[in-house]
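Chain letters run A, B, ... following the sequence lines, proteins first, then strands; residues in each count from 1. Since we're looking at a predicted model, the values are computed, not measured.
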Number of protein chains: 2
Amino acid sequence: MVRPTMEDVALRAGVSRALVSLVMRGSPKVSEMRRSAVLKAAEELGYSPHAMARSLASRTSTVLGVMVSDLHNAFFAEVVDGIDEVAREQGFDIIINTGGRSPARERRALESLLSFRPAGLILLSPVVPATAIGKAAEQLPVVLVARSSRVSTVDTVNDDGETGARLAVDHLVSLGHKRIAHLDGGEGTQAGPRRRGYVAAMEAHGLVPQVVSSEYTDAAGARAIRALLTDDALPTAILSCNDFNAVGAISALEDAGLRVPSDVSVVGYDNTSLAALRHVSLTTIDQPRAEFGRLAADALLQRVREERTEPVRHLLNPSLVVRNTTAPPGGQR
Amino acid sequence: MVRPTMEDVALRAGVSRALVSLVMRGSPKVSEMRRSAVLKAAEELGYSPHAMARSLASRTSTVLGVMVSDLHNAFFAEVVDGIDEVAREQGFDIIINTGGRSPARERRALESLLSFRPAGLILLSPVVPATAIGKAAEQLPVVLVARSSRVSTVDTVNDDGETGARLAVDHLVSLGHKRIAHLDGGEGTQAGPRRRGYVAAMEAHGLVPQVVSSEYTDAAGARAIRALLTDDALPTAILSCNDFNAVGAISALEDAGLRVPSDVSVVGYDNTSLAALRHVSLTTIDQPRAEFGRLAADALLQRVREERTEPVRHLLNPSLVVRNTTAPPGGQR
DNA sequence: TCTATTGGTTGGAGCGCTCTAACCCTGTAA
DNA sequence: TTACAGGGTTAGAGCGCTCCAACCAATAGA
């Protein structure tokens, strides 16, 4: 359980510790003879460099910290894939921590990540207060994904929720819908832009917006539908704040004897793997998740290399994915 | 962008660096006066300890490395919750890395985790070869979750897949089913025990097992059903290797004009959040995921504290969750 | 009064590494 | 012959911290 150090390798190879260090860092100014002797000794000893000692001595880091607000949400997994891809290409490693959507736990996760003195930090949809983010940004480059910020040292990558909501409304209107309700995401991240986009799109079509208070869960979607069902005039189409909410809405509609999409059309948001399941086959709005990750990593690495000081605000265009939960209104099949 | 060190805090508080160190480690042998002075200075400076320098100097670590084979799978998120809970209680932090189900990437993730010299390592359903795990286990304590091992220095936490499959078969038999097919998980982790449990349970009931080759995805589940549909005698019940497979199977059945559960019953495995969605409402086998995490962390910390050298092999009992995809056979409602 | 004891505090060495500056060659120019 | 350049190599300092032994009152016991 005790790992060999550079000193051990140097001794065995009959060279100095500094020379071993040069070999390990792939320096060109080492003779081929010594290099192979060192590599052989390292191999025999099972030596591998101590990343922390290295980072301490060099006052640099090749690690990017990634804070995932919710590991349960596959959305973030795809963003992480994108981050990982770019980071690896450029010789960086990532370490992940999660806050489980709890500000307290997330704060601790942030502290923990920070204690490793990574080169930079990417926060995926963080729920900690902006001040905590600002404090972190004083110590290292920070990029926010799926959360906006006014801080000029922080870069952000977001989807354009207003555009996404508009795409959904346009789609429903083009099918002939006029009474389209929006099940709102409440306090959730990105709920605001989606709601605004919905309202704006409805008004642009000369229609009356109807925002129903809800949340980002399937239970909330079902509750919202049950509340709507007590009304006289049920909308002919629903735009949910996300896919989970949409699936809950569909269940509640079916429980009430209504058919989707012949009686009511439903559109989700996020294009999670859930939506793609053939059993669900939900029309929804797709966000380029891996692209979020790639752009976030790129932005971060630019800051790390001090190539840029101006903030970057990426706003990516979502796209509509039509599946089987939308159809013209009025029971036409 | 330059973080204060202990020296800075010491200077500001008018004490020695060693005293600051004692305060930061919560030592009792510090007067209340000095302690508060140090904490105040640290607060003002925005100081937080440098985990790597600490770990380097103390030759110990309070970090547990967690390798998640697939971030897309919410199963692991709940295991991580359990790990995090125990780790935090005992003053340990966790860092996560992921291998994205690719052995090459996972190997690199492992290297990266190892380079931080954590106190121990928990591998969630790793796909790297056993030798790689063995090598890691020579350097630090390792616990495997959802994968077995014969190495005596490695602890394991698994669900008893044989029992789980038996629970499912018993349930279906008690409903009156006789022709029950199993959609197999192929090479996937834990597919073997589930298959064996299914076969054994069928034979115990005097029934003929029918194993259909499939995989852990919804597309594979659908394919397997389409293959079955060409047969004359379709089974009256399906035991899928996991929930995704089950949902794919249900879709294919419905596409073929069959109703679930009145025509065919379907049972999943894992009780993912997907299964709980009211729209899916899948009868399935639940594994105590958070418990997996807790036990894994406990086992690891025992090794870290050198309280135990004998390997531990946890085999947890799964349980049946009856929802709406199972019913008596023969179209009875 | 002097010596022990004890709670609190400190300097210095050292963890495994990088980095700088100096050093030692050998080959070439003057 | 001497000077010089430059590739290859090395000693030593230092990164931010912990740990140990030593130290310093202040109190207690003899």
Side-chain angles (χ1 to χ4, degrees), chain A residues 1-39 41-42 45-63 91 111 114-119 139-140, chain B residues 1-39 41-42 45-63 91 93 114-119 139-140:
Chain A
M1 293 260 176
V2 64
R3 306 195 58 170
T5 78
M6 264 192 181
E7 206 68 54
D8 301 323
V9 177
L11 221 64
R12 186 177 187 105
V15 298
S16 72
R17 187 189 62 249
L19 209 252
V20 177
S21 171
L22 288 175
V23 172
M24 287 302 150
R25 281 175 289 146
S27 162
K29 32 180 70 176
V30 176
S31 67
E32 209 34 67
M33 199 187 77
R34 309 269 183 167
R35 179 189 307 284
S36 55
V38 166
L39 289 177
L45 256 39
Y47 171 82
S48 80
H50 190 314
M52 304 163 86
R54 166 177 287 180
S55 148
L56 185 61
S58 66
R59 270 141 293 179
T60 61
S61 167
T62 57
V63 172
E111 276 301 325
L114 245 27
S115 77
F116 286 99
R117 303 290 192 273
Q139 303 182 1
L140 39 43
Chain B
M1 289 264 175
V2 63
R3 304 196 58 169
T5 78
M6 265 193 178
E7 205 71 54
D8 301 322
V9 177
L11 220 65
R12 187 177 185 103
V15 300
S16 73
R17 180 177 27 78
L19 207 254
V20 177
S21 171
L22 289 174
V23 172
M24 287 303 149
R25 283 177 287 145
S27 162
K29 32 180 69 179
V30 175
S31 67
E32 208 35 66
M33 199 188 77
R34 309 268 185 168
R35 178 188 309 282
S36 56
V38 166
L39 290 177
L45 255 38
Y47 171 81
S48 80
H50 191 313
M52 303 162 92
R54 164 177 289 180
S55 147
L56 185 62
S58 65
R59 271 141 291 179
T60 62
S61 168
T62 56
V63 172
D93 273 324
L114 243 30
S115 77
F116 286 99
R117 303 289 194 275
Q139 302 181 1
L140 40 41

**Student:** Does the side chain of A:Ser21 get closer than 4.0 angstrom to OP1 or OP2 of C:dC17 through an N or O atom?
**Tutor:** no

**Student:** With DNA chain D as reference, determine whether A:Lys29 or A:Ala18 sits nearer its 5' end, using the nearest nucleotide of each.
**Tutor:** A:Lys29

**Student:** Can you tell me the distance, in whole Å, between the CG atom of A:Leu11 and the C1' atom of C:dG16?
**Tutor:** 15 Å

**Student:** Quickly work out the B:Asp8 CG to D:dC15 P distance and round it to whole Å.
**Tutor:** 11 Å

**Student:** Can any side-chain N or O of B:Arg35 pair as donor or acceptor with the backbone N or O of B:Ser27 at less than 3.5 Å?
**Tutor:** yes

**Student:** Taking CD from A:Glu7 and C1' from D:dT10, how many angstroms apart are they, rounded to a whole number?
**Tutor:** 12 Å

**Student:** Using whole Å, what does the distance between atom P of nucleotide C:dG7 and atom CG of B:Leu19 come to?
**Tutor:** 16 Å

**Student:** Round to the nearest Å and state the distance from A:Leu56 atom CG to C:dT18 atom C1'.
**Tutor:** 10 Å

**Student:** Would you kindly check whether a donor in the side chain of A:Arg17 faces an acceptor in the base of C:dT18, or vice versa, at under 3.5 angstrom?
**Tutor:** yes

**Student:** Counting side-chain heavy atoms from C-beta on, which of C:dG16, D:dT18, C:dT10 comes nearest to B:Arg25?
**Tutor:** D:dT18

**Student:** Please determine if a side-chain N or O atom of B:Thr5 lies less than 4.0 Å away from the OP1 or OP2 oxygen of D:dG16.
**Tutor:** no

**Student:** Is there a donor-acceptor contact under 3.5 Å from the side chain of A:Ser115 to the main chain of B:His50?
**Tutor:** no

**Student:** For C:dC15 and B:Arg59 - does any side-chain N or O of the residue sit under 4.0 Å from the phosphate oxygens OP1/OP2?
**Tutor:** no

**Student:** Respond yes when some side-chain nitrogen or oxygen of A:Ser55 is under 4.0 Å from OP1 or OP2 of D:dC15, and no when none is.
**Tutor:** no

**Student:** If the cut-off is 4.0 Å, is A:Thr60 near the phosphate of C:dT18, judged by side-chain N/O to OP1 or OP2?
**Tutor:** no

**Student:** Is a donor on one side and an acceptor on the other found under 3.5 Å between the side chain of B:Ser58 and the backbone of B:Arg54?
**Tutor:** yes

**Student:** Which nucleotide in the list D:dG8, C:dG8, C:dT18 gets nearest to the side chain of B:Ser31?
**Tutor:** C:dG8

**Student:** Just verifying a value: how many Å separate A:Arg117 CZ and B:Met52 CE, rounded to the nearest 0.5 Å?
**Tutor:** 9.5 Å

**Student:** Checking B:Arg59 side chain against B:Ala57 main chain: does a donor-acceptor pair fall under 3.5 Å?
**Tutor:** yes

**Student:** Is the shortest side-chain N/O distance from B:Ser58 to OP1 or OP2 of D:dT18 below 4.0 Å?
**Tutor:** no

**Student:** Answer yes or no: does a side-chain N or O of A:Arg34 lie under 4.0 Å from OP1 or OP2 of D:dT9?
**Tutor:** yes

**Student:** Atom CG of A:Leu22 to atom C1' of C:dT20: distance rounded to whole Å?
**Tutor:** 12 Å

**Student:** Which nucleotide in the list D:dT18, D:dC17, C:dC17 gets nearest to the side chain of A:Met6?
**Tutor:** C:dC17

**Student:** Could you tell me how far apart B:Arg3 (CZ) and D:dG16 (C1') are, to the nearest whole angstrom?
**Tutor:** 12 Å

**Student:** Taking CZ from B:Arg35 and P from C:dG8, how many angstroms apart are they, rounded to a whole number?
**Tutor:** 10 Å

